[in-house]
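The structure appears below as structure tokens.
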Amino acid sequence: MDDARWKEAVARVPMARALDAPRLHYLRQLAALFLHTKRFHALGGAALDDFWQLVIAMQASLPALPRGPKAFKGWTNVLVYPGEFNVRRSHRDAHSGVVTEQDDTLIGEAWDRGPMVLSLADVKLDIEAPWDGFNVVIHEMAHKLDMLAAPANGVPPLLPGMNRREWIATMQQAFDRLVKQTERGRETAIDPYGAEAPEEFFAVTSELHFSQPALLREAEPKVAKLLTDFYGPSPA
């Protein structure tokens with residue numbers, strides 16, 4: 001990796017710039033590995049040059065810092081659209097057997113043992129507004145970590161010394177609280193998208209850990225502590 005390009009990327013990505021020297025050095029190694037092992041595909045006319053591939057690799061490597069190259073196992077491709085993209089989904093009703101289809105408009109998606117899919121417009125927005133609580137690359141990378149052992153369920157493989165029962169109980173209770181708040185129409189500190197499923201709660205709170213940890217500590221202090229143990233200190 002070219003020194004000048006790396007320094008330019010660090011200057012443009014505040015989350016990387018905020019790291020201490022040892023973690024920034026390791027981030028560079030992991031980002032280089034990510035670029036070496038993943039295949040980028042620009043779709044729909046996305047202007048995906050080397051710089052933006054590096055920015056994506058850097059942000060995907062931030063959640064991987066505590067576990068290293070193992071975090072990248074099980075998938076190869078990164079699909080990048082210029083902006084939002086549509087995904088057609090099929091749903092079969094368990095009782096009637098009727099299949100319905102609908103289009104979802106997304107800015108990111110992660111497939112189990114398949115690609116990571118991103119909106120380049122949102123990747124750019126995230127480095128312009130790094131501390132607003134949202135980051136599409138980190139959200140999808142959280143799903144990839146969740147999928148390392150099984151389909152995503154909000155319980156990723158934990159680091160040595162972390163208690164799996166404590167993780168499940170703490171995250172489930174916090175998820176249930178968010179679901180109740182959204183069902184009652186209350187405004188929530190945590191993005192209500194996290195109430196869609198436990199795996200989405202994990203991904204949404206992962207975004208907060210990296211980009212707005214003070215809000216997460218205030219809303220769900222036990223979740224904030226678990227994610228600090230899981231990811232390491234927030235760059236914020």
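The shortest non-hydrogen separation linking Val137 to Met116 is O-CE, 4.4 Å. Nearest heavy-atom pair across Phe230 and Pro156 is CZ-CG, 3.6 Å. Closest approach of Lys38 to Trp75, counting heavy atoms only: NZ-O, 2.7 Å.
Shown are Phe134, Tyr231, Trp131; of these, the ring-ring contact (aromatic ring centres under 6.0 Å, His included) with Phe210 is made only by Tyr231. Checking Leu62, Leu54, Ile56 one by one against Met58, the side-chain contact (heavy atoms from CB on, under 4.5 Å) holds for a single residue, Leu54.
Under 4.0 Å is where a charged nitrogen must lie from a carboxylate oxygen, and between Lys180 and Asp176 no such pair does.
Side-chain atoms of Asp191 never come within 3.5 Å of backbone atoms of Gly194 as a donor-acceptor pair (strictly under, hydrogens ignored).
Looking only at side-chain heavy atoms (C-beta outward), Asn77 and His41 come within less than 4.5 Å of each other. Side-chain contact between Leu145 and Met141: present, with at least one pair of heavy atoms (C-beta onward) separated by less than 4.5 Å.
Applying the 6.0 Å contact sphere to CZ of Arg113 captures no more than 12 heavy atoms from other residues, nucleotides or ligands. No more than 12 heavy atoms of other residues, nucleotides or ligands sit less than 6.0 Å from atom CH2 of Trp111.
Taking the six-membered ring where tryptophan is involved, the planes of Phe175 and Phe201 are perpendicular, since the angle between them exceeds 60° and thus also 30°. In this structure, Tyr193 and His139 have tilted ring planes: the angle between them lies in the 30° to 60° band.
Counting only N and O atoms by type, the side chains of Gln59 and Asn135 include a donor and acceptor under 3.5 Å apart.
Rounded to the nearest 0.5 Å, atoms NZ (Lys225) and OG1 (Thr228) are 8.0 Å apart.
Transitive grouping of hydrophobic side chains (ILVMFWY, heavy atoms separated by less than 4.5 Å) keeps Met147 and Phe72 in distinct clusters.
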